[in-house]
Amino acid sequence: MDQPDRPDSLSPRPRRPGAVMGDRRCAGGCTTAMSSAPALAEPLYFTERGSGPPLLLVHGLMVTGEMFAPVIEHFAIRHRVIVPDLRGHGRSRGLPPPYAAAQLASDLSRLLDHLGIDSTAVLGYSQGGAIAQQLVLDFPNRCDRLVLACSFAFNMATCREKLEGHLLPLVLQVLGMRLSAKLVVSQAAPQLGKERADWLAAIMADQDRKLMVCAWKQTMAFDSRRRLAEIACPTLIIAASNDQAVPIHHAKMLHDGIAGSQLVIIDDADHALIWTHSDEFERVTDGFLGA
């Protein structure tokens, strides 16, 4: 189904002179959408914007790279920003399972190969932070700086989380994507205004229900707790004080497990802090990336 138009206030600002912007696709050996060579299987979709040191943005579950729309222009001032749609999501939904973190991290490594990028800063948001951790663990030379925002090492750490984790696939199957999206947004991001909440719910509603059930089950299986000590690159952990979707104990677990990591807690924010506290999110990230 076609995704509803995004409200004008949420649309990316006009491209700056000299900025790089592209919609490309990568698979196996990686080909671009404009290439005359035959595409290999279903390609990985991505966009890129800006120039400078690379910055890879990794989105969360049931959304797409479009979730970074409010901040991408800011980061593109100083960085070459690469924003993929992960396997099974958005315009990469044609890529088949598995959707395990190891597969998604491998996809990202191949994308970096295609772009000629040996090492990059990586920012993973929510479940995207789990994929970013897997990328660092499996391909340690790929990441020179790591930002984990509203993320986790193991998202089934409490009885409540286990219960909610097992209920979500049932909710998706019974309610469908549109109603489920509205429910998830209202519970996880109550601070969002109606316009932006509708925009986010529309992105989620446009995902394939069966694929999202499969992807969620893979997310439940992710557990990096025993390997956090292996993450050696400089790491920033950003958490929201009122996050109910990924409570703050997850950020503290990451901080305790990753030696030398920095932990920043944004007050009065919830899981939607990238949209409700964009300026603070950008400032904290810029400071860490050395902008």
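Using a 4.0 Å cut-off between charged nitrogen and carboxylate oxygen, R225 and D256 do not count as a salt-bridge pair. We find that D107 and R87 are joined by a salt bridge, their nearest charged nitrogen and carboxylate oxygen being less than 4.0 Å apart.
Side chain of R93 to main chain of G90: a donor-acceptor pair is present (N/O by atom type, distance under 3.5 Å, no hydrogens or angles). Q191 contributes a side-chain N or O that, together with a main-chain N or O of D268, makes up a donor-acceptor pair within less than 3.5 Å. Looking only at distances, no side-chain donor or acceptor of D85 sits under 3.5 Å from a matching main-chain atom of Y45. A donor-acceptor pair is defined here as one N or O able to donate and one able to accept, closer than 3.5 Å; such a pair exists between the side chain of T158 and the backbone of E161. A donor-acceptor pair is defined here as one N or O able to donate and one able to accept, closer than 3.5 Å; such a pair exists between the side chain of Q207 and the backbone of I203. The backbone N or O of G60 lies less than 3.5 Å from no partner atom in the side chain of S126, so there is not a single donor-acceptor pair. Judged purely by atom type and a 3.5 angstrom limit, D243 has no side-chain atom pairing as donor or acceptor with the backbone of D270. Panel note: side chain H114, backbone R110; no donor-acceptor pair is recorded below 3.5 Å.
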- Task: Report the C-alpha separation of M204 and K182 in whole Å, then their side-chain angles, then the decisive distance to 0.1 Å, and conclude whether the side chain to side chain contact (heavy atoms under 4.5 Å, CB included) test is met.
- Result: CA-CA 9 Å; M204 297 175 69; K182 291 182 178 180; over 6 Å; no
- Please step through side chain to side chain contact (heavy atoms under 4.5 Å, CB included) for the pair V83 and F46, ending with a clear verdict. CA-CA 5 Å; V83 190; F46 71 97; over 6 Å; no
- Can D144 and C233 be said to form a side chain to side chain contact (heavy atoms under 4.5 Å, CB included), step by step? CA-CA 6 Å; D144 49 53; C233 64; 6.0 Å; no
- Message: Applying side chain to side chain contact (heavy atoms under 4.5 Å, CB included) to I258 and L148, what does each step give before you reach the verdict?
- Response: CA-CA 11 Å; I258 303 174; L148 303 175; 4.1 Å; yes
- Could you please spell out the steps behind the side chain to side chain donor-acceptor pair (under 3.5 Å) verdict for R142 and T120? CA-CA 6 Å; R142 285 297 201 189; T120 180; over 6 Å; no
- Task: Output, in order, the C-alpha distance, side-chain angles, deciding distance and verdict of salt bridge (Lys or Arg N to Asp or Glu O under 4.0 Å) for D279 and R283.
- Result: CA-CA 6 Å; D279 290 345; R283 177 183 61 78; over 6 Å; no
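Q133 is not listed as a side-chain neighbour of V136, based on a closest heavy-atom distance of 4.5 Å or more. Under the 4.5 Å side-chain criterion, counting only non-hydrogen atoms from C-beta, L289 is in contact with H79. Here the side chains of F281 and P70 are not in contact, with every heavy-atom distance at 4.5 Å or above. In this structure, the side chains of V58 and L123 stay at 4.5 Å or more apart for every pair of heavy atoms. Between H59 and L86, some side-chain heavy-atom pair lies under the 4.5 Å cut-off. Side chains of F288 and Q262 form a contact here, defined as non-hydrogen atoms less than 4.5 Å apart. For the pair Q187/Q244, no side-chain contact is recorded, criterion being any heavy-atom separation below 4.5 Å from C-beta on. Looking only at side-chain heavy atoms (C-beta outward), P54 and I82 come within less than 4.5 Å of each other.
Atoms CG and CE, from L211 and M62 in turn, are 12.5 Å apart once rounded to the nearest 0.5 Å. Note that the CD1 atom of I72 and the CZ atom of R49 stand 5.0 Å from one another [nearest 0.5 Å]. Between the CG atom of L172 and the CG atom of L175 there is a distance of 8.0 Å, given to the nearest 0.5 Å. If you take OG1 on T285 and NE2 on H74, they are separated by 8.0 Å, rounding to the nearest 0.5 Å. For the atom pair NZ of K252 and CG of L263, the computed distance is 8.0 Å after rounding to the nearest 0.5 Å. With values rounded to the nearest 0.5 angstrom, T219 atom OG1 is found 8.5 Å from M156 atom CE.
V213 and M220 fall within the same hydrophobic cluster, where Ile, Leu, Val, Met, Phe, Trp and Tyr residues are linked whenever their side-chain heavy atoms come under 4.5 Å apart, directly or through other members. Residues V284 and V246 are members of separate hydrophobic clusters, defined by side-chain heavy-atom contacts under 4.5 angstrom among Ile, Leu, Val, Met, Phe, Trp and Tyr. Under the 4.5 Å side-chain contact rule for hydrophobic residues, V184 and W216 share a cluster. The hydrophobic cluster containing L170 also contains L183, counting ILVMFWY residues as joined when their side-chain heavy atoms lie under 4.5 angstrom apart, directly or transitively. No chain of hydrophobic side-chain contacts below 4.5 Å, direct or via other Ile, Leu, Val, Met, Phe, Trp or Tyr residues, connects F222 to I237.
Residues I131 and A105 share a closest heavy-atom pair of CG2-N, 4.0 Å. The shortest heavy-atom contact between C150 and L273 is SG-CD2, 3.4 Å. The two atoms that bring S151 and G129 nearest to each other are OG-CA, 3.2 Å, heavy atoms only. Smallest separation of non-hydrogen atoms from Y99 and G88: CE2-CA, 3.6 Å. Of all heavy-atom pairs between L228 and A153, the closest is CD1-CB, 4.0 Å. Residues M253 and A157 come closest through the heavy atom pair CE-CB, 4.5 Å.
Ring orientation note: the planes of Y125 and W275 are tilted relative to one another, at an angle of 30° to 60°.
The side-chain contact (heavy atoms from CB on, under 4.5 Å) test with N155 is passed by exactly one of Q127, E164, H250: H250.
The local environment of NE2 in H249 is crowded, with over 12 non-hydrogen atoms from other residues, nucleotides or ligands closer than 6.0 Å.
Counting only N and O atoms by type, the side chains of T64 and H89 include no donor and acceptor under 3.5 Å apart. Side chains of H277 and E282: no donor on one and acceptor on the other come within 3.5 Å.
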